[in-house]
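Just so we're on the same page: letters track the sequence lines, and every chain starts at 1. For the numbers below, each heavy atom of this structure counts, side chains included, while hydrogens, waters and symmetry mates do not.
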2 protein chains.
Amino acid sequence: MSSLADHIEAYIKRMLRSSQTNSVELSRAQMADDFSCVPSQINYVLSTRFTLERGYIVESRRGGGGYIRIGHVQVDDSYAHAANLLKSIGSELDEKQMEDILAYLKDHHVITPRQLQLIRGIVQQEVGSIGQGKNVLRASLVRALLFLIIESES
Amino acid sequence: MSSLADHIEAYIKRMLRSSQTNSVELSRAQMADDFSCVPSQINYVLSTRFTLERGYIVESRRGGGGYIRIGHVQVDDSYAHAANLLKSIGSELDEKQMEDILAYLKDHHVITPRQLQLIRGIVQQEVGSIGQGKNVLRASLVRALLFLIIESES
DNA sequence: AGACTTAAGGTCAGTATTAGTCAAAGAAAG
DNA sequence: CTTTCTTTGACTAATACTGACCTTAAGTCT
């Protein structure tokens with residue numbers, strides 16, 4: 001119970017808390033050196049603990065002056081359960097399931113009626129223009145669009 | 001964000017912003033001297049960051065009195081133009097094309113840096129979890145997310 | 001006008017500097 | 001003992017930087 005990965009996770013979260021901007025930039029090689037581990041260990045920590053779903057945005061660049069930047073967004077409580085709902089969307093989503101989710105979010109004032117309409121229109125447009133895998137695309141789109149709305153407003 | 005190329009990029013963009021005409025003229029050798037680097041470094045920055053896809057026009061002349069002129073395309077109605085840009089996204093979109101579009105929209109203040117980060121993160125997440133048809137999904141997602149942003153703010 | 005000189009900028013391939021991926025081995029938990 | 005989580009390292013990929021060599025334009029001198 002407190003693996004190296006946990007320590008690295010805690011360290012990054014400490015850095016995030018003490019930053020004004022809710023984001024930190026670090027060097028993978030430097031980090032690996034500090035914790036005496038291989039660089040890919042850092043990727044492991046990032047991919048298991050700093051996911052979008054948990055409110056983290058990880059960006060990186062290779063090459064000279066490369067970096068890994070981690071941003072954090074606090075989702076307030078009213079949106080927390082909405083974010084949870086998103087998690088429950090699987091790899092496929094049919095029309096009825098989508099309507100249920102949108103209706104629920106509208107009723108709970110997470111999205112506005114206009115946003116509901118917009119999402120419906122956009123999804124219809126995109127899904128209509130492909131032959132196969134409509135339900136897979138719909139799942140991705142709904143998750144993406146709702147996530148953008150939720151994250152934008154918190 | 002600390003490579004030399006980044007600094008040169010930022011410097012040029014500052015110059016562009018403070019110019020009335022949306023274009024600046026500079027001397028390659030002088031620039032290289034100011035930044036203590038080889039002249040071809042300037043070409044590197046220009047060819048990686050000031051491309052036509054991102055809305056920049058670079059002209060130059062060799063020989064005595066040679067120069068490099070960089071212009072930034074300005075459109076009267078940037079939202080209409082953005083909508084147009086979206087329409088131009090075909091059924092597939094690779095990473096580079098996406099980055100060009102996002103950089104263009106950010107530079108023209110259609111999306112905020114934070115929205116850029118979010119879009120990048122969301123697309124990465126969604127595209128990463130499928131095997132085939134990444135470019136097709138990316139096209140749909142980018143179109144959908146940008147459309148939502150543009151429609152929400154107009 | 002033509003040849004030579006000087007003053008730019010362009011190209012490209014090679015080197016350096018990061019970070020990412022993936023699968024296999026090892027450790028911990030159930 | 002099986003499953004899941006962690007750790008490792010060999011290979012890969014992206015980005016930045018440099019320098020040698022090339023091209024073009026303008027001036028200068030017969």
R61(A) vs dA16(D): side-chain N/O to OP1/OP2 distance below 4.0 Å | yes

Are M15(A) and I70(A) joined in one hydrophobic group, where the rule is that I, L, V, M, F, W and Y side chains link up if heavy atoms are under 4.5 Å apart?
-> yes

Let me know the distance between CD1 of I68(B) and C1' of dT11(C), rounded to the nearest Å.
-> 13 Å

Those residues that, when tested against E92(B), pass side-chain contact (heavy atoms from CB on, under 4.5 Å) (two or more places apart) = N135(B), V136(B)

Which heavy atom in V110(A) sits nearest to a heavy atom in Q115(A), and how many Å separate them?
-> O-OE1, 4.3 Å

Above 12 or not: heavy atoms from other molecules or residues under 6.0 Å from NZ of K134(A)?
-> yes

Give a yes/no on whether any side-chain N or O of Y44(A) is located under 4.0 angstrom from OP1 or OP2 of dT7(D).
-> no

Of dC5(D), dT12(D), dT8(D), the nucleotide closest to the side chain of R62(A) is dT12(D)

Rounded interatomic separation in angstrom, taking CD1 from I42(A) and P from dT8(D) = 11 Å

Residues of residues 26-40 of chain A with a heavy atom under 4.0 Å from any atom of DNA chain D, listed by number, are C37(A), V38(A), S40(A)

Within this structure, what is the CZ-to-P distance between R69(A) and dT18(C), rounded to whole angstrom?
-> 16 Å

Nearest-Å distance for atom pair CD/C1', residues Q124(B) and dT21(C) = 13 Å

Ignoring backbone atoms, establish whether R49(B) has a side-chain N or O less than 4.0 Å from OP1 or OP2 of dT15(D).
-> no

Length of the line joining L46(A):CG and dT21(C):C1', which is rounded to integer Å | 14 Å

For the residue pair T21(B) and S19(B), confirm or rule out a side-chain donor-acceptor distance under 3.5 Å.
-> no

With a 4.0 Å cut-off on heavy atoms, is G66(A) in touch with a base, just the backbone sugar-phosphate, or nothing at all?
-> sugar-phosphate

Length of the CD-P vector between Q41(B) and dG9(C), whole Å = 15 Å

In whole angstrom, what separates E9(A)'s CD from dC5(D)'s P?
-> 14 Å

CG of L4(A) versus P of dG26(C): gap in Å, rounded?
-> 18 Å

Could you check which of dA16(D), dT7(D), dG20(C) has an atom nearest any side-chain atom of N43(A)?
-> dG20(C)

Under a 4.5 Å cut-off applied to non-hydrogen side-chain atoms, are F147(A) and R143(A) in contact?
-> no

The side-chain contact (heavy atoms from CB on, under 4.5 Å) partners of F35(B) (sequence neighbours excluded) come to L4(B), H7(B), I8(B), Y11(B), M31(B), C37(B)

